[in-house]
Amino acid sequence: MHIVSAAEANRQFSSLLRQVSQGETVTVLSHGRPVATISPAVDGTELDHDRAKARARLLARLNGEPVTHNRNWTRDELYDRGQ
């Protein structure tokens with residue numbers, strides 16, 4: 001990981017993009033605090049594949065849940081607050 005100030009990032013943006021295109025991640029600091037991370041873009045097909053896998057896991061989980069018919073849900077059951 002490469003760390004640069006905002007001023008340096010502004011002056012050397014093309015150089016930073018070349019570094020990122022080669023797989024490096026760059027963190028930009030403003031007044032010594034991280035404000036941005038520049039990282040290689042995710043390939044759209046990879047993102048679609050991950051989304052499809054997540055959807056399949058969700059559907060498999062939902063298919064494993066028992067079916068309820070005409071149940072009168074309470075507000076607390078509908079809005080489980082992790083208690």
Side-chain angles (χ1 to χ4, degrees):
M1 181 185 292
H2 188 72
I3 299 173
V4 297
S5 69
E8 183 181 348
N10 190 32
R11 287 190 303 269
Q12 300 179 1
F13 193 67
S14 295
S15 173
L16 292 178
L17 288 181
R18 276 192 294 282
Q19 291 175 22
V20 170
S21 72
Q22 295 171 358
E24 188 163 350
T25 299
V26 177
T27 298
V28 181
L29 305 179
S30 178
H31 302 287
R33 301 178 79 183
V35 295
T37 301
I38 306 171
S39 61
V42 176
D43 182 358
T45 57
E46 183 180 327
L47 187 60
D48 290 342
H49 179 69
D50 290 346
R51 190 174 287 147
K53 286 186 346 185
R55 184 176 189 272
R57 284 193 310 270
L58 173 61
L59 291 175
R61 179 177 169 217
L62 291 175
N63 284 331
E65 293 293 319
V67 176
T68 59
H69 297 284
N70 298 324
R71 178 160 180 213
N72 293 323
W73 296 91
T74 67
R75 181 176 180 84
D76 288 338
E77 290 173 319
L78 291 174
Y79 298 100
D80 180 18
R81 296 183 190 350
Q83 296 175 356

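Side chains included, hydrogens not; waters and symmetry mates left out as well; all remaining heavy atoms used. On a predicted model such as this, the values are computed, not experimentally measured, just so you know.
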(message) Could you measure the distance from the CG atom of Asp76 to the OH atom of Tyr79? Nearest 0.5 Å is fine.
(response) 11.0 Å
(message) Just verifying a value: how many Å separate Ser5 OG and Arg11 CZ, rounded to the nearest 0.5 Å?
(response) 6.0 Å
Do the side chains of [X] and [Y] join up, straight or via other hydrophobic residues, at under 4.5 Å, putting them in one cluster?
X: Val20; Y: Leu47; result: no
X: Val4; Y: Phe13; result: yes
X: Leu17; Y: Val28; result: yes

(request) Look at atom NE2 of His49 and say whether more than 12 heavy atoms of other residues, nucleotides or ligands are closer to it than 6.0 Å. (result)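 Check fails, neighbour count at 12 or below.
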(request) Please tell me if the side chains of Pro40 and Thr25 come closer than 4.5 Å, counting only heavy atoms from C-beta onward. (result) yes
(request) Specify the closest pair of heavy atoms between Thr27 and Pro34, including all atoms of both residues, with the distance to one decimal. (result)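 Looks like CG2-CB, 3.9 Å.
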(request) Show your reasoning for whether side-chain contact (heavy atoms from CB on, under 4.5 Å) applies to Leu16 and His2. (result) CA-CA 9 Å; Leu16 292 178; His2 188 72; 4.2 Å; yes
(request) Kindly determine whether Gln19 and Val26 satisfy side-chain contact (heavy atoms from CB on, under 4.5 Å), including the steps that lead there. (result) CA-CA 8 Å; Gln19 291 175 22; Val26 177; 4.2 Å; yes
(request) Examine distances only and state if a side-chain atom of Asn63 and a backbone atom of Leu59 form a donor-acceptor pair shorter than 3.5 Å. (result) yes
